Number of protein chains: 2
Amino acid sequence: MPQEKPFVFIETCTPRRVLELFSTKWTSMVLYALKCGRLRTGELQRCLPGISKKMLTQTLRELEADGLILRTVYPQVPPKVEYQLTDNGALLIEPIEMLYDWGRRHSELLASLKLRRGKD
Amino acid sequence: MPQEKPFVFIETCTPRRVLELFSTKWTSMVLYALKCGRLRTGELQRCLPGISKKMLTQTLRELEADGLILRTVYPQVPPKVEYQLTDNGALLIEPIEMLYDWGRRHSELLASLKLRRGKD
DNA sequence: CGGGATCCTTCAGGATACTG
DNA sequence: CAGTATCCTGAAGGATCCCG
C-alpha cells in the first residue's frame, strides 16, 4: 500500500480560499444566475427562492466590492437597477458550473447524503 | 443582447445540495486529506491546522454515517484508529480536486477577494 | 491516543418595518 | 421597485474537562 504523504491545509492555502467562496450560502448562486446576462434586482430574487432581501443586497454589495459584479442604476421612478458579471466575475462561472454539473451527474449519491441536515 | 432565461434555484435542486457539501467548514478537507490512503486520527488532525478535536470527530462521524469514510479500530492500548475513503467517498474527490485545482490556477484572483472576511 | 460531554461565544442569516 | 436599519435566533464551532 503506497501511502503517499497527506496534503496539509495550511491556513492560507488556496484550497481554503476557494472553499470560502462556497461557504457563504448565496454567493455562487447569485453569480451563476447572472451568467445569463444582466438582471434586475427583482428578477434575481425570483431566481433564488427563499433568499431574503437583506441577504440578497448584502451578497450583491460584497460581490460588487470585490469587483465580481457591476451595478447599474437607471435614474427612474420607480427605481430600476441591473446587475451583471464583470470579467473577473465571469471567471468564477467555470468552477461553479463544474460543481453543479458534477452534482447533476451524481444526484443519486447526493440525495443519499444527509450530512449536516438534521431532518430530511 | 441575447439574454437567455436565468436559472432558478429551486430549494431541492442539485446545485443547492452540492453546495451543502462545501458549506461546512471541514468536510471536503477531511475527504481530500484521506485521498492519500488511510490515516490515523492524529495524522488527520495535523493535516488540518486549526481544527478542534470536537469538529474533527463530529465531521468524521457524519462522513461515516453517510458511508463516505470507513473507520477501523485496532484493539490496542493506547487506541489506534484509522480512517479511509469508501468507494462513495472516493467519488467526491473528483469535484473537490477540480475546485482546488481551479483555485491554484487562479490564486491571484482568489487572493484579491475579501468576500466575507472582515479583516485581511 | 482517541473521543465523549458541556458550556459558551459568535455570527450568518431570517423577519419586519420604514424610506424615497 | 430597490434599499437600509433593527431586532432576534439557531446553529456552527471553539475551549475545557473527563474517561478508557
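All figures in this text were calculated on a predicted structure; none of them were measured in a lab. Residue numbers begin at 1 in each chain, while the letters A, B, ... track the order of the sequences.
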Once you round it to whole Å, what is the distance between [atom2] of [N] and [atom1] of [X]?
{"X": "K80(B)", "N": "dG2(C)", "atom1": "NZ", "atom2": "P", "result": "10 Å"}
{"X": "I51(A)", "N": "dA12(C)", "atom1": "CD1", "atom2": "C1'", "result": "13 Å"}
{"X": "Q58(A)", "N": "dT4(D)", "atom1": "CD", "atom2": "C1'", "result": "12 Å"}
{"X": "F22(A)", "N": "dA12(C)", "atom1": "CZ", "atom2": "C1'", "result": "19 Å"}
{"X": "L56(A)", "N": "dC1(D)", "atom1": "CG", "atom2": "C1'", "result": "13 Å"}
{"X": "Q76(B)", "N": "dG2(C)", "atom1": "CD", "atom2": "P", "result": "11 Å"}
{"X": "E64(A)", "N": "dA2(D)", "atom1": "CD", "atom2": "P", "result": "15 Å"}
{"X": "L48(B)", "N": "dG13(D)", "atom1": "CG", "atom2": "P", "result": "13 Å"}

Between dG3(C) and T41(B), is there an OP1 or OP2 to side-chain N/O distance shorter than 4.0 Å? yes

OP1, OP2 of dC1(D) versus side-chain N and O of R40(A): anything below 4.0 Å?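 No, no such contact exists.
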
For R61(A), all residues meeting salt bridge (Lys or Arg N to Asp or Glu O under 4.0 Å), sequence neighbours excluded: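 Not a single residue meets the salt bridge (Lys or Arg N to Asp or Glu O under 4.0 Å) criterion with R61(A).
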
Donor-acceptor pairs are to be reported for all side-chain atoms of residues 70-81 of chain A against protein atoms at under 3.5 Å, with residues two or more places apart or in another chain.
unit_1	atom_1	unit_2	atom_2	d
R71(A)	NE	Y83(A)	OH	3.2
Y74(A)	OH	R38(A)	NH1	3.2
Y74(A)	OH	E82(A)	OE1	2.9

Reading nucleotides 15-20 of chain D 5' to 3', which nucleotides get B (base under 4.0 Å from a protein heavy atom), which S (sugar-phosphate only), which -? B----B

Atom CG in L63(B), atom CH2 in W26(B): separation rounded to 0.5 Å?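 The distance works out to 13.5 Å.
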
Once rounded to the nearest 0.5 Å, what's the spacing between atom CG of L113(B) and atom CG of L92(A)?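 Result: 6.5 Å between the selected atoms.
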
Taking only residues two or more places apart in sequence, or in another chain, which ones meet R46(A) in a side-chain hydrogen bond (donor to acceptor under 3.5 Å, both in side chains)? none

By nearest-nucleotide position on DNA chain C, the 5'-leaning member of G42(B) and S23(A) is G42(B)

Hey, are the side chains of [X] and [Y] touching, using non-hydrogen atoms and a 4.5 Å cut-off?
{"X": "I93(B)", "Y": "L34(B)", "result": "no"}
{"X": "V30(A)", "Y": "L60(A)", "result": "yes"}
{"X": "T24(A)", "Y": "E62(A)", "result": "no"}

Between [options], spot the one nearest the side chain of [X], thanks.
{"X": "T57(A)", "options": "dT4(D), dG14(C), dG3(C)", "answer": "dT4(D)"}
{"X": "Y83(B)", "options": "dG14(C), dG3(C), dG13(D)", "answer": "dG3(C)"}
{"X": "R61(B)", "options": "dG14(C), dG14(D), dG4(C)", "answer": "dG4(C)"}
{"X": "R71(B)", "options": "dG13(C), dG14(D), dG3(C)", "answer": "dG3(C)"}

Among residues at least two apart in sequence or on other chains, which ones pass side chain to side chain contact (heavy atoms under 4.5 Å, CB included) with F7(B)?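 With sequence neighbours excluded, F7(B) shows a side chain to side chain contact (heavy atoms under 4.5 Å, CB included) to Y32(A), F9(B), P15(B), given in chain and number order.
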
List the atom of C47(A), the atom of P6(B), and the distance in Å for their closest heavy-atom pair.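 Where C47(A) meets P6(B) most closely, the heavy atoms are SG-CB, 3.4 Å.
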
Taking the axis from the first five pairs and the axis from the last five, what angle separates them in the helix from dC1(C)-dG20(D) to dG20(C)-dC1(D), rounded to 10 degrees? 30°

